[in-house]
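Each residue takes its place number in the sequence, starting with 1.
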Amino acid sequence: MTRTTYRCPCGARLEFKQDLRKERGTPTPKWKCKDCGTPVPGMTAEKIRHQHPS
């Protein structure tokens, strides 16, 4: 299985759950870049969320 990565507009490479920040107070999870707070597309964030560094 291939890893999912996402390049945030701020330049950060999002690859693991540690790279995301969950927005609180929303009924459904909304994930953002931990560096700049830019929203990450939902499907991409869910895939990244389940990846762990080896």
Side-chain angles (χ1 to χ4, degrees):
M1 190 165 155
T2 61
R3 290 202 181 270
T4 299
T5 60
Y6 178 76
R7 181 67 68 177
C8 182
C10 75
R13 181 177 172 196
L14 310 179
E15 188 173 7
F16 303 111
K17 182 178 181 176
Q18 295 86 338
D19 301 328
L20 300 171
R21 180 175 43 137
K22 185 177 178 183
E23 184 178 313
R24 300 201 183 272
T26 59
T28 57
K30 293 191 179 179
W31 298 93
K32 295 183 175 187
C33 171
K34 74 167 186 162
D35 292 340
C36 70
T38 300
V40 177
M43 185 63 76
T44 302
E46 286 300 318
K47 288 179 182 178
I48 291 172
R49 188 172 80 87
H50 292 286
Q51 296 178 159
H52 300 285
S54 341

Among pairs that include at least one residue of residues 22-40, which meet side-chain hydrogen bond (donor to acceptor under 3.5 Å, both in side chains), considering only residues two or more places apart or in two chains?
Glu23-Lys32, Trp31-Glu46

Would you say that Asp19 contacts Ile48 through its side chain, given a criterion of any heavy-atom pair below 4.5 Å between the two side chains?
no

Please output the side-chain donor-acceptor pairs of residues 4-18 that fall under 3.5 Å, not counting sequence neighbours, one pair per line with the distance.
from, atom 1, to, atom 2, distance (Å)
Arg7, NH1, Gly11, O, 2.8

